[in-house]
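Some notes on the structure that comes next.
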Amino acid sequence: MLGMRRSHFVRLHPRADTDYCSQSRTVFAAGLDGFIIDRPDQGLFSNQTRLLNKYRYFLNNDDWWPVANSNVEQHSWMGYYIQAPPGYKDTQLDRGSGQVEAISQHSIELRLSRFVGDGVHEDVDLTNFTGRSVEFELRLELDGDFLDQEETHRNHEPRTYTRDWRRTASGTWEFLLDHYATHEYDNQGEKGVASLHRGLRLQVMKCDSEPHYASSTITFPVKLEPGQGWHACLELLPVIEGRVQEAQYSRSEERRVGK
């Protein structure tokens, strides 16, 4: 008699209000704006565990306005956003016909290029399309809950996990989420202790300004002259039973899809 073989691939039911970027055992399930809020169908999933239940960018405390977001391929996604610079006044607007949104006339652009392959590689690019110098904070709010895929749809006990922010010897910055649990079992005469170890390692690389972390938020100070750009690379690496799943894609993949 053949034994049952458990699958470790994530299975999610498609929803009209959720975008999926996935490959193999990793799925980045976000809202149509490309961000993750604490909803049962959204999150960064790996090996049937939700590692992130929040992942959202802000300009200071303001939401970014999505302009164009779409999958490029199953494993890749791109998003464009705009927001007015801090301190922007209505008196600076060209009123014209009155049919143009104020924010589109003098805007800061955020472009996200996301690639999923075991780990997630994301390139973050800002461009100042205003006619003056701007200074603000790009804020990334993120957190995890380490729920089993099925638990996200029902009541559950909160998981205990640790958070850590550090600078590595190579000069990159890392945000670490780590969950470890054990339980005793007694099943048909077999007794023992089972363990579960899940985690997430977010690495900040090639960043044009030094990031800071506090209260589940990574903050990037940004100062841009007119027409100037800003860049950072982020990699979100699942940790399954102590083994880090490296991201398969990097900037070479960006060039291939026409960035």
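- Residues Leu138 and Trp165 share a hydrophobic cluster, clusters being chains of Ile/Leu/Val/Met/Phe/Trp/Tyr side chains in contact below 4.5 Å.
- Side-chain contact between Ser133 and Pro226 is present, with at least one heavy-atom pair separated by less than 4.5 Å.
- Under a hydrophobic clustering in which Ile, Leu, Val, Met, Phe, Trp and Tyr are joined whenever their side-chain heavy atoms come within less than 4.5 Å, directly or via other members, Val239 and Leu234 fall into different clusters.
- Side-chain contact annotation: His121 with Glu235, donor-acceptor N/O pair under 3.5 Å present.
- Of all the heavy atoms in Cys207 and Pro211, the pair that sits closest is SG-CD, 4.4 Å.
- Using a 4.5 Å heavy-atom cutoff, the side chains of Ser24 and Gln248 are not in contact.
- For the pair Leu110 and Gln83, the minimum side-chain heavy-atom distance is 4.5 Å or more.
- Leu177 CG to Leu202 CG: the interatomic distance, rounded to the nearest 0.5 Å, is 8.5 Å.
- Using a 4.5 Å heavy-atom cutoff, the side chains of Ile218 and Leu142 are in contact.
- Judged purely by atom type and a 3.5 angstrom limit, Arg114 has no side-chain atom pairing as donor or acceptor with the backbone of Cys21.
- Between the Asn60 side chain and the Glu137 main chain, a donor and an acceptor come within less than 3.5 Å of each other.
- Annotation for Gly229 and Leu224: closest pair O-CD2, 3.6 Å, computed over non-hydrogen atoms.
- Between Asp148 and Arg198 there is no salt bridge, since none of the side-chain N atoms of the basic residue sits less than 4.0 Å from a carboxylate O of the acidic one.
- Taking both residues in full, the closest heavy atoms of Ile108 and Trp64 are given as O-CZ3, 3.4 Å, listed atom of the first, atom of the second, then distance.
- Here the side chain of Asn128 pairs a donor or acceptor atom with the backbone of Glu225 at under 3.5 angstrom.
- The salt bridge (charged side-chain N to carboxylate O under 4.0 Å, His left out) pairs that include a residue from residues 52-63 are Asp33-Arg56, Arg56-Asp63, where partners are two or more places apart or lie in different chains.
- Using cut-offs of 30° and 60° for the angle between ring planes, the Phe220 and Trp230 rings count as perpendicular.
- At a threshold of 4.5 Å between non-hydrogen side-chain atoms, the residues Thr49 and His179 do not count as touching.
- Summarising the geometry of Pro86 relative to Phe136, their closest heavy-atom pair is CG-CB, 3.7 Å, with the distance given to 0.1 Å.
- Gln74 places none of its side-chain heavy atoms less than 4.5 Å from the side chain of Gln23.
- Distance check: Thr26 OG1 to Asn47 CG gives 7.0 Å after rounding to the nearest 0.5 Å.
- For the 3.5 Å distance criterion, the side chains of Ser216 and Glu141 fail to qualify, holding no donor opposite an acceptor.
- Atom CZ of residue Arg25 and atom OG of residue Ser46 lie 8.5 Å apart, to the nearest 0.5 angstrom.
- To the nearest 0.5 Å, atom NE2 of residue His212 and atom OG1 of residue Thr219 are 8.0 Å apart.
- Atom CG in Asp19 sits 5.5 Å away from atom CG in Asn71 (nearest 0.5 Å).
- Judged purely by distance below 3.5 Å, without hydrogens or angles, the side chains of Asp41 and His153 never pair a donor atom with an acceptor atom.
- A salt bridge does not link Glu109 with Arg111: none of the charged nitrogens is closer than 4.0 Å to a carboxylate oxygen.
- Summarising the geometry of Val27 relative to Ser22, their closest heavy-atom pair is CG2-CB, 3.7 Å, with the distance given to 0.1 Å.
- Under a hydrophobic-cluster definition in which Ile, Leu, Val, Met, Phe, Trp and Tyr are linked whenever side-chain heavy atoms come within less than 4.5 Å, directly or via other members, Val124 and Leu44 are assigned to the same cluster.
- At distances below 3.5 Å, not a single donor-acceptor pair connects side-chain atoms of Thr18 with backbone N or O atoms of Ala29.
- One distance of note links CZ of Arg50 with CD of Gln42; it measures 9.0 Å at 0.5 Å rounding.
- Considering Asp143, Val120, Leu236 as possible partners of Leu52, the one that fulfils the side chain to side chain contact (heavy atoms under 4.5 Å, CB included) test is Leu236.
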Let me see the working for Val116 and Trp77 under side chain to side chain contact (heavy atoms under 4.5 Å, CB included), right down to the final yes or no. CA-CA 9 Å; Val116 177; Trp77 176 94; over 6 Å; no
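- Side chain of Tyr161 to backbone of Gly144: a donor-acceptor contact under 3.5 angstrom is found.
- Shown are Phe45, Tyr55, Phe35, Tyr20; of these, the ring pair (Phe, Tyr, Trp, His ring centres under 6.0 Å) with Phe28 is made only by Tyr55.
- In this structure, the side chains of Tyr180 and Leu196 stay at 4.5 Å or more apart for every pair of heavy atoms.
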List the steps and the verdict of side chain to side chain contact (heavy atoms under 4.5 Å, CB included) for Lys206 and Thr172. CA-CA 8 Å; Lys206 301 179 182 178; Thr172 63; over 6 Å; no
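- Between the side chain of Asn69 and the main chain of Tyr80, a donor-acceptor pair closer than 3.5 Å is present.
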What do the steps show when you test Trp173 against Tyr213 for ring pair (Phe, Tyr, Trp, His ring centres under 6.0 Å), and what is the final call? CA-CA 10 Å; Trp173 292 89; Tyr213 173 81; over 10 Å; no
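- In terms of modelled atom types and a separation under 3.5 Å, the side chain of Asp208 and the main chain of His231 share a donor-acceptor contact.
- The heavy-atom pair separating Glu210 from Pro221 by the smallest distance is O-CD, 3.2 Å.
- In this structure, the side chains of Leu237 and Glu246 come closer than 4.5 Å at one or more pairs of heavy atoms.
- A salt bridge is defined here as a Lys NZ or Arg NE, NH1 or NH2 lying under 4.0 Å from an Asp or Glu carboxylate O, and Arg39 with Asp17 meets this definition.
- Using modelled atom types and a 3.5 Å distance limit, the side chains of Ser170 and Thr168 yield a donor-acceptor pair.
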